[in-house]
Peer 1: 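This is the structure I have questions about; it appears just below.
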Amino acid sequence: MISLDTVYVNMGYGLMLLALLARDMLWLRATLIVAQSLLCTYALHADAVNVAAWNALFVVINIVQVIRILMERRSVKLPEPLAAIHALNFDVMTVPEFLGLWRRAQEVQDVTGELLAEGVSNERLILLVAGEVRVLVHGQEVARLGPGRLVAEMSYLTQEPTSASVVADEPVTYRAWSRTTLDRIKRHKPALWSKLQAAIGRDLVRKIRQVDAQAGAVSDSRGNTTT
């Protein structure tokens, strides 16, 4: 007849094997809690105090991690206009991920004039929060950017001099991440870095479409004039 202790130890190790196959971290942690609780119970019955103590410690650690994961995944409602900025380019991130990225940026409020000159090195990734800026190439306006749009991200990524200047005629507020901050994210949070790259790519596509639309409008206007 199979003893209860045999059931505990086999179910415990079986669940640990199942946990290693789990792709979702929450399920992995939850399964380990059950598995190590069974092994702890077996160890107590077998008077293996050290084994019981270690498994009890593992259970506590995994419970803490499950709580942390649930808190990260809980529904968080973003205030306006932060929700609009998140929806525009950053909805590839969860709300907690976006807030974590947001807090790592330095906020600059109510600035006017030239935010970024043409032909200079850019060591920041800039996100407009409020207000509007003009993008100028050789003094000619090529685009206007509003809240939620990234500024000079291409020069930041390529580490080449900026191809345009950015000017604010009215006070604007923006947030900026230094290269040091983003390099730290790239090293320690690669998943978040990948999502940020996706957000940057989405913003670049919007800018290309905006420039193409403006070029098409200019072409149509010239065509109408000649006819």
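No hydrogens, no waters, no symmetry mates; every other heavy atom, side chains included, goes into these values.
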Peer 1: Could you go through Q36 and N62, starting from their C-alpha distance and side-chain angles, then the distance that decides it, and tell me whether this counts as side chain to side chain contact (heavy atoms under 4.5 Å, CB included)?
Peer 2: CA-CA 10 Å; Q36 288 158 347; N62 281 306; 3.0 Å; yes

Peer 1: Should we count CD of E170 as having more than 12 external heavy atoms under 6.0 Å?
Peer 2: no

Peer 1: With side chains defined as the heavy atoms from C-beta onward, is the minimum distance between L196 and V92 less than 4.5 Å?
Peer 2: no

Peer 1: Check whether NZ of the Lys or CZ of the Arg R104 lies under 6.0 Å from the centre of the six-membered ring of W177 and within 45 degrees of that ring's axis.
Peer 2: no

Peer 1: Does a side-chain heavy-atom distance below 4.5 Å link R179 with Q159?
Peer 2: yes

Peer 1: Mind checking whether T173 and V108 have side chains closer than 4.5 Å, heavy atoms only?
Peer 2: no

Peer 1: Mark yes or no for whether W54, through its side chain, and V49, through its backbone, hold a donor-acceptor pair below 3.5 Å.
Peer 2: no

Peer 1: Answer yes or no: are there more than 12 heavy-atom neighbours, outside K207 itself, under 6.0 Å from its atom NZ?
Peer 2: yes

Peer 1: Salt bridge check: are D183 and R187 linked by an N-O gap of less than 4.0 Å?
Peer 2: no

Peer 1: Are any non-hydrogen side-chain atoms of M11 and V34 less than 4.5 angstrom apart?
Peer 2: no

Peer 1: Short question: side chain of H86, backbone of M93 - any donor-acceptor pair under 3.5 Å?
Peer 2: yes

Peer 1: Restricting to non-hydrogen atoms, name the atom on A130 and the atom on P147 that form the minimum distance, rounded to 0.1 Å.
Peer 2: CA-CG, 4.1 Å

Peer 1: Is it true that M16 and M25 fall in one hydrophobic cluster, defined by side-chain heavy atoms closer than 4.5 Å?
Peer 2: yes

Peer 1: Give the intermediate values and the outcome of salt bridge (charged side-chain N to carboxylate O under 4.0 Å, His left out) for residues R149 and E132.
Peer 2: CA-CA 10 Å; R149 303 301 299 274; E132 185 180 70; over 6 Å; no

Peer 1: Has the side chain of R175 got a donor or acceptor atom that lies under 3.5 Å from a matching backbone atom of A105?
Peer 2: yes

Peer 1: Just wondering, do E153 and L204 contact through their side chains at under 4.5 Å, heavy atoms?
Peer 2: yes

Peer 1: If you look at every heavy atom in E114 and S165, which pair is closest and at what distance?
Peer 2: OE2-CB, 3.8 Å

Peer 1: If two hydrophobic side chains count as joined below 4.5 Å and joins carry through other members, does L28 share a cluster with L70?
Peer 2: yes

Peer 1: Side chain of T162, backbone of A152: donor and acceptor closer than 3.5 Å?
Peer 2: no

Peer 1: If I compare all heavy atoms of C40 with all of A52, which pair ends up nearest, and what's the gap?
Peer 2: SG-O, 3.4 Å

Peer 1: So, for V111 and Y174, which heavy atoms are closest and what is the spacing to 0.1 Å?
Peer 2: CG2-CE2, 3.7 Å

Peer 1: Does L39 reach the side chain of F58, with side-chain heavy atoms less than 4.5 Å apart?
Peer 2: no

Peer 1: Within the structure provided, determine whether V167 and L136 are in side-chain contact (heavy-atom separation under 4.5 Å).
Peer 2: yes

Peer 1: Between S163 and E118, what is the shortest heavy-atom contact and its length?
Peer 2: O-OE2, 3.5 Å

Peer 1: Using the rule side-chain contact (heavy atoms from CB on, under 4.5 Å), only one of L145, V151, L128, I126 pairs with V166; which is it?
Peer 2: V151

Peer 1: Hey, any chance I63 and L15 share a hydrophobic cluster, counting ILVMFWY side chains that come within less than 4.5 Å of each other, even indirectly?
Peer 2: yes

Peer 1: Under 4.5 Å between side-chain heavy atoms, hopping through other hydrophobics if needed: is there a path connecting V51 to Y13?
Peer 2: no

Peer 1: Is a side-chain donor-acceptor pair under 3.5 Å present for N89 with R202?
Peer 2: no

Peer 1: Count I, L, V, M, F, W, Y as connected when their side-chain heavy atoms are under 4.5 Å apart, and connections chain through other members. Are L20 and V59 then in the same cluster?
Peer 2: no

Peer 1: Between S178 and Y156, which heavy-atom pair has the shortest distance, and what is it?
Peer 2: O-OH, 4.3 Å

Peer 1: Are any non-hydrogen side-chain atoms of Y8 and L4 less than 4.5 angstrom apart?
Peer 2: yes

Peer 1: Count the heavy atoms of every other residue, nucleotide or ligand shown that sit under 6.0 Å from CH2 of W193, and state whether that count exceeds 12.
Peer 2: yes

Peer 1: Counting neighbours of OH on Y42 that are heavy atoms of other residues, nucleotides or ligands and sit closer than 6.0 Å, is the number greater than 12?
Peer 2: no

